[in-house]
A.B. asks: 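Pasting a structure below so you can have a look.
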Amino acid sequence: MTSNKNKNFYKIILTLAVPIIIQNLITSSLNLVDNVMIGTLGENEIAAVGLANQYFFIFMMSMTGITGGTSIFLSQYYGKKDTKSIKNFMGITFVIGTIVASAFAILAFFTPVFVMKIFTKDTTVINLGVSYLRIVSLSYIFTIVTLTFSTALRSTGQASLPMAGSIIGILSNAGFNYIFIFGKLGLPAMGVRGAALGTTFSRLLEMLFVVTIIYAKNYSVKCKLNELLFTKHQFKNFMKTATPVIFNDIMWSLGISAYSIAYAKVGTNALASMQIAITINNLFNIFGTGLAAATAIIIGNKIGESKKDLAIEYTHKISKISVALGIIIGLTLILTSPLIVKLFNITCETKAIALTVLKIMAIITPLRFFNITMIIGAFRGGGDVNYAIFTELICVWGIAVPLSFIGATILHLNIIWVYMLVCFEEIVKLFFEIPRFKSNRWIKEVI
């Protein structure tokens with residue numbers, strides 16, 4: 001009996017986590033492709049695209065907050081086999097997501113200088129970033145459509161299609177980037193603007209692919225406009241649970257962007273090093289975030305099925321898996337990062353800094369994976385969103401952000417020490433997570 005239960009557990013994990021990890025890997029690879037190709041142009045270009053993408057990162061975390069809040073409902077409704085409510089909540093996501101995406105796009109398109117000045121005062125970097133931002137802002141609407149359908153598919157155990165869409169996205173992005181950045185097929189070399197065009201076209205293709213397949217093959221999340229209509233009660237219920245998630249993700253992304261501002265105060269050279277290290281590290285972090293996303297869906301499904309004890313048992317197992325996976329990924333990062341850094345056209349000093357930062361990132365990976373699994377997987381998936389927010393915001397805004405600015409502007413530390421101060425938040429999170437996890441008070445039914 002126990003053997004069958006374990007087999008079922010690992011089957012669920014593999015069915016959900018692997019496609020999500022592959023999709024996230026591909027998405028992160030898309031950003032790596034951007035940075036590697038831009039990296040051949042110079043350090044100013046790397047810094048400009050990196051900072052412009054910080055704005056996109058804030059946008060994406062806003063969208064992730066919205067779809068993350070949706071996922072809590074969809075996974076629990078899927079556990080109850082309530083397809084109608086799933087489509088109603090997709091409608092809520094489309095409405096809120098489109099409004100927020102439009103606001104981000106308008107700001108980036110009409111006031112890109114204002115956006116770039118938030119992150120840096122370097123006029124060269126600002127001018128390059130403006131040309132990138134104005135073009136890539138057009139892709140924001142495509143992104144929310146893809147994310148909404150992908151969230152619905154994942155929450156209902158159909159994670160392979162979003163993965164396939166991401167493959168389309170990364171392949172087309174690499175092709176478009178090559179053509180537009182370097183001026184192939186008779187087109188002029190457009191540099192940073194070419195990277196923006198490549199990213200925009202690839203996100204359009206990804207959206208078209210996912211939507212076309214859903215409707216052509218009659219996936220369960222296929223819906224008519226009238227099926228997306230939702231009630232006032234559903235909207236209130238969504239806002240009550242999802243607003244804290246949205247707020248948390250926005251504040252967390254602003255915190256991460258604040259780190260970039262602190263890094264920029266150390267110098268453009270330091271900022272370029274961090275952008276390279278972060279881009280590479282994000283490629284490895286997706287294993288942790290993918291596992292956490294799968295955990296949230298599994299927990300939600302089991303709560304929806306009224307199997308809370310099984311949800312708790314599964315989460316205990318996944319927490320151990322997260323640490324073991326973090327050790328493996330950390331070692332892999334240490335071994336492969338020297339080869340990846342060589343792809344960038346940067347000075348020896350910048351390479352050396354990036355490699356040192358990557359080693360620190362690798363060492364902290366097991367702890368980071370455990371924290372992600374707790375906050376995004378267990379607490380959010382279990383419906384305990386307020387405690388997840390409390391933990392995240394205290395550690396980011398109460399500890400890491402102040403320490404990063406103190407290190408960069410008051411103590412005048414080098415970038416390696418500034419980053420080490422930022423990492424201190426991962427240790428502090430344990431003191432909030434472990435007691436809550438052991439108490440089982442994070443299991444809540446939201447529907």
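Numbering starts at 1 and runs along the sequence shown.
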A.B. asks: Working to the nearest 0.5 angstrom, can you tell me the gap between Ile126 CD1 and Thr120 OG1?
C.D. replies: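 Reported value, rounded in 0.5 Å steps: 5.5 Å.
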A.B. asks: Does the distance from a Lys or Arg side-chain N to an Asp or Glu carboxylate O, for Glu206 and Arg203, drop under 4.0 Å?
C.D. replies: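 A salt bridge is absent here (no side-chain N lies under 4.0 Å from a carboxylate O).
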A.B. asks: Write out all pairs satisfying salt bridge (charged side-chain N to carboxylate O under 4.0 Å, His left out) with one or both partners inside residues 358-373, taking only residues at least two apart or from two chains.
C.D. replies: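 Passing the test, one end in residues 358-373: Arg368-Glu426.
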A.B. asks: Taking atom types as modelled, find out whether Ser71 and Ser155 have a side-chain donor-acceptor pair closer than 3.5 angstrom.
C.D. replies: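 Side-chain D/A pair, Ser71 to Ser155: present.
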A.B. asks: Can you see which heavy atom on Val210 is nearest to which on Leu161, and at what distance?
C.D. replies: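 Minimum heavy-atom contact is O-CD2, 4.0 Å.
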A.B. asks: Grab the two heavy atoms, one from Ile96 and one from Ile66, that are nearest each other, plus how far apart they are.
C.D. replies: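 Looks like CG2-CD1, 3.8 Å.
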A.B. asks: What distance do Asn177 atom CG and Ser202 atom OG have between them, rounded to the nearest 0.5 Å?
C.D. replies: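 It comes to 7.5 Å.
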A.B. asks: Look at the aromatic rings of Tyr140 and Phe104 and report parallel, tilted or perpendicular, splitting at 30° and 60°.
C.D. replies: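 Because their plane-to-plane angle is over 60°, the rings of Tyr140 and Phe104 count as perpendicular.
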A.B. asks: How close do Ser172 and Leu205 get, heavy atom to heavy atom, and via which atoms?
C.D. replies: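 Heavy-atom minimum between the residues: CB-CD1, 3.7 Å.
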A.B. asks: Check the surroundings of atom CZ in Phe247: do more than 12 heavy atoms from other residues, nucleotides or ligands lie under 6.0 Å from it?
C.D. replies: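 For Phe247, atom CZ is not crowded (no more than 12 foreign heavy atoms under 6.0 Å).
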A.B. asks: So how far is it from Lys307 NZ to Asn301 CG, rounded to the nearest 0.5 Å?
C.D. replies: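 Output value for this atom pair is 10.5 Å.
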A.B. asks: How would you list, by chain and number, every residue that makes a side-chain hydrogen bond (donor to acceptor under 3.5 Å, both in side chains) with Arg436, sequence neighbours excluded?
C.D. replies: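 Only Asp384 meet the side-chain hydrogen bond (donor to acceptor under 3.5 Å, both in side chains) criterion with Arg436.
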A.B. asks: Compute both the distance and the angle, then confirm whether Lys81 meets the cation-pi test with Tyr78: under 6.0 Å from the six-membered ring centre, within 45 degrees of the axis.
C.D. replies: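 The answer is yes; both the distance and angle limits are met.
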A.B. asks: Give the minimum heavy-atom separation between Ala242 and Gly69, together with the two atoms involved.
C.D. replies: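 Taking every non-hydrogen atom into account, CB-CA, 3.9 Å.
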A.B. asks: Could you check if a side-chain atom of Thr156 sits within less than 4.5 angstrom of a side-chain atom of Tyr219, using non-hydrogen atoms only?
C.D. replies: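 They are not in contact (no side-chain heavy atoms under 4.5 Å apart), so the answer is no.
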A.B. asks: How far apart are the C-alpha atoms of Val115 and Leu107, what are their side-chain angles, what is the distance that settles it, and do they pass the side-chain contact (heavy atoms from CB on, under 4.5 Å) test?
C.D. replies: CA-CA 8 Å; Val115 173; Leu107 191 63; 4.2 Å; yes
A.B. asks: side-chain contact (heavy atoms from CB on, under 4.5 Å), that's the test. Do Tyr132 and Asn53 meet it? Break it down for me.
C.D. replies: CA-CA 9 Å; Tyr132 183 90; Asn53 277 331; 3.4 Å; yes
A.B. asks: Tell me the closest heavy-atom pair linking Phe110 and Arg134, and the distance in Å.
C.D. replies: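 Phe110 and Arg134 have their closest heavy atoms at O-NH2, 4.5 Å.
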A.B. asks: Please lay out, stage by stage, how Ile118 and Tyr55 fare under the test side-chain contact (heavy atoms from CB on, under 4.5 Å).
C.D. replies: CA-CA 10 Å; Ile118 295 172; Tyr55 179 75; over 6 Å; no
A.B. asks: Under 30°, 30 to 60°, or over 60°: which ring-plane class applies to Trp442 and Phe379, parallel, tilted or perpendicular?
C.D. replies: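 Because their plane-to-plane angle lies in the 30° to 60° range, the rings of Trp442 and Phe379 count as tilted.
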A.B. asks: How many angstroms lie between atom NZ of Lys302 and atom CD1 of Ile443, to the nearest 0.5 angstrom?
C.D. replies: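 Nearest 0.5 Å value for the NZ-CD1 distance: 12.5 Å.
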A.B. asks: Less than 3.5 Å apart, which donor and acceptor atoms pair up between the side chains of residues 320-333 and the rest of the protein, not counting sequence neighbours?
C.D. replies:
unit_1, atom_1, unit_2, atom_2, d
Ser322, OG, Ser319, O, 2.6
Thr332, OG1, Ile328, O, 2.8

A.B. asks: Measure across Lys87 and Ser220 and return the closest heavy-atom pair with its distance rounded to 0.1 Å.
C.D. replies: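 Answer, listing the atom of Lys87 first, then Ser220: CE-O, 3.4 Å.
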A.B. asks: More than 12 non-hydrogen atoms from neighbouring residues, nucleotides or ligands closer than 6.0 Å to CZ on Phe114, yes or no?
C.D. replies: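 It does not: Phe114 CZ has 12 such atoms or fewer within range.
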A.B. asks: Do Phe238 and Phe235 make the cut of ring centroids closer than 6.0 angstrom?
C.D. replies: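 Judged by ring-centre distance (under 6.0 Å), Phe238 and Phe235 do not meet the cut-off.
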A.B. asks: Would you say the side chains of Thr70 and Thr93 form a donor-acceptor pair under 3.5 Å?
C.D. replies: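 Yes - a donor-acceptor pair under 3.5 Å links their side chains.
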A.B. asks: Where does the angle between the aromatic ring planes of Phe176 and Phe180 fall among parallel (under 30°), tilted (30 to 60°) and perpendicular (over 60°)?
C.D. replies: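 Plane angle under 30°, so parallel.
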A.B. asks: Side chains of Leu430 and Leu367, heavy atoms from C-beta outward: is any pair under 4.5 Å?
C.D. replies: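 SC-SC contact between Leu430 and Leu367 confirmed.
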A.B. asks: Salt bridge or not for Lys84 and Glu227, using N-O below 4.0 Å?
C.D. replies: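 Salt bridge flag = no for Glu227 with Lys84.
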A.B. asks: Name the orientation class of the two ring planes belonging to Tyr387 and Phe390 (parallel below 30°, tilted from 30 to 60°, perpendicular beyond 60°).
C.D. replies: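 The rings of Tyr387 and Phe390 sit tilted, inter-plane angle from 30° to 60°.
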A.B. asks: Determine, stepwise, if the pair Tyr259 / Ile278 fulfils side-chain contact (heavy atoms from CB on, under 4.5 Å).
C.D. replies: CA-CA 11 Å; Tyr259 301 157; Ile278 290 167; over 6 Å; no
